[in-house]
Amino acid sequence: VLVKDCTMEGGHSFAQMTSHSGEGLAFENCTVKAGRGVNLGNAITGVADFRNCSIEATKGDGYGIRVDAKGENVMNVNGCAITAAEPIVLRNAQAAFTFNIAQTTLTSLGDYDIIVSGTAPVMNGVEGFNIKY
């Protein structure tokens with residue numbers, strides 16, 4: 001599934017996905033300004049990519065990208081700008097999950113750039129970000 005060149009302003013969130021079957025889920029060149037950003041729930045099966053996206057959560061408790069970080073799945077965030085109270089939330093995290101981030105700016109309106117609940121997954125490129133485990 002590829003979501004490409006989309007813009008959203010207003011509303012609750014850009015995507016509320018709770019299931020996805022198949023390999024690959026990607027958001028490319030998307031601009032989101034909504035109460036909350038993208039909620040993948042447990043939608044990742046295989047790899048989820050965010051490439052060159054701008055996500056701004058306007059609610060005081062909003063997240064940029066929130067995902068259930070389960071299994072041997074992978075999430076890549078590359079070339080994005082994310083502004084939210086909680087820019088990246090990895091919930092129900094498991095050690096087998098992999099999170100890669102590169103060339104991305106996270107602007108937290110709260111205390112942390114990345115929030116991990118569960119077991120710390122493999123994380124690459126997180127140096128310099130404020131992480132809560």
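Closest approach of Ala84 to Gly64, counting heavy atoms only: CB-N, 3.5 Å. Considering all non-hydrogen atoms of both residues, Ile55 and Val38 come closest at CD1-CG2, 4.3 Å. Closest approach of Ser13 and Gly37 over heavy atoms only: CB-O, 3.2 Å. Considering every non-hydrogen atom in both Pro87 and Tyr112, the closest pair reads CD-O, 3.4 Å.
Only one option out of Leu40, Asp49, Thr45 pairs with Leu25 in a side-chain contact (heavy atoms from CB on, under 4.5 Å); it is Leu40. Remark: of the listed residues Ile44, Val74, Val116, Ile44 is the sole one forming a side-chain contact (heavy atoms from CB on, under 4.5 Å) with Phe97.
How far CD of Glu56 is from CE of Met8: 12.5 Å, rounded to the nearest 0.5 Å. Considering CD1 of Ile101 and CG of Asp113, their distance stands at 8.5 Å, rounded to 0.5 Å. Taken from CD in Glu86 to CG in Leu109, the straight-line distance is 10.5 Å, to the nearest 0.5 Å. With rounding to the nearest 0.5 angstrom, the CZ atom of Arg91 is 12.0 Å from the CD1 atom of Ile115. To the nearest 0.5 Å, atom CD1 of residue Ile114 and atom CG of residue Leu90 are 7.0 Å apart.
Under the 4.5 Å side-chain contact rule for hydrophobic residues, Ile88 and Val67 share a cluster. Linking ILVMFWY side-chain heavy atoms closer than 4.5 Å, directly or via other members, places Phe14 and Ile65 in a single hydrophobic cluster. A single hydrophobic cluster is not seen to contain both Phe27 and Val89; linkage of ILVMFWY side chains at heavy-atom distances under 4.5 Å, directly or through other members, places them apart.
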Can I get a per-line list of side-chain donor-acceptor pairs under 3.5 Å for residues 117-133, giving both atom names and the distance, sequence neighbours left out?
unit_1: Asn124; atom_1: ND2; unit_2: Asn100; atom_2: OD1; d: 2.6
unit_1: Asn130; atom_1: ND2; unit_2: Asp111; atom_2: O; d: 2.7

Step-by-step side-chain contact (heavy atoms from CB on, under 4.5 Å) determination, Glu9 to Thr7: CA-CA 7 Å; Glu9 187 164 340; Thr7 300; 5.6 Å; no

Applying side-chain contact (heavy atoms from CB on, under 4.5 Å), run through Phe50 and Ile82 and close with a yes or a no. CA-CA 11 Å; Phe50 288 85; Ile82 303 170; over 6 Å; no

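A donor-acceptor distance shorter than 3.5 angstrom exists from the side chain of Thr104 to the backbone of Cys80, with no hydrogens or angles considered. Within the 3.5 Å criterion, the main-chain N or O of Ala34 finds a donor-acceptor partner in the side chain of Thr58. With Asn73 contributing its side chain and Gly46 its backbone, the two residues share a donor-acceptor pair below 3.5 Å.
Listed by chain and residue number, Glu28 satisfy the salt bridge (charged side-chain N to carboxylate O under 4.0 Å, His left out) test with Lys4 (two or more places apart in sequence, or in another chain). Residues meeting the salt bridge (charged side-chain N to carboxylate O under 4.0 Å, His left out) test with Arg36, sequence neighbours left out: Asp61.
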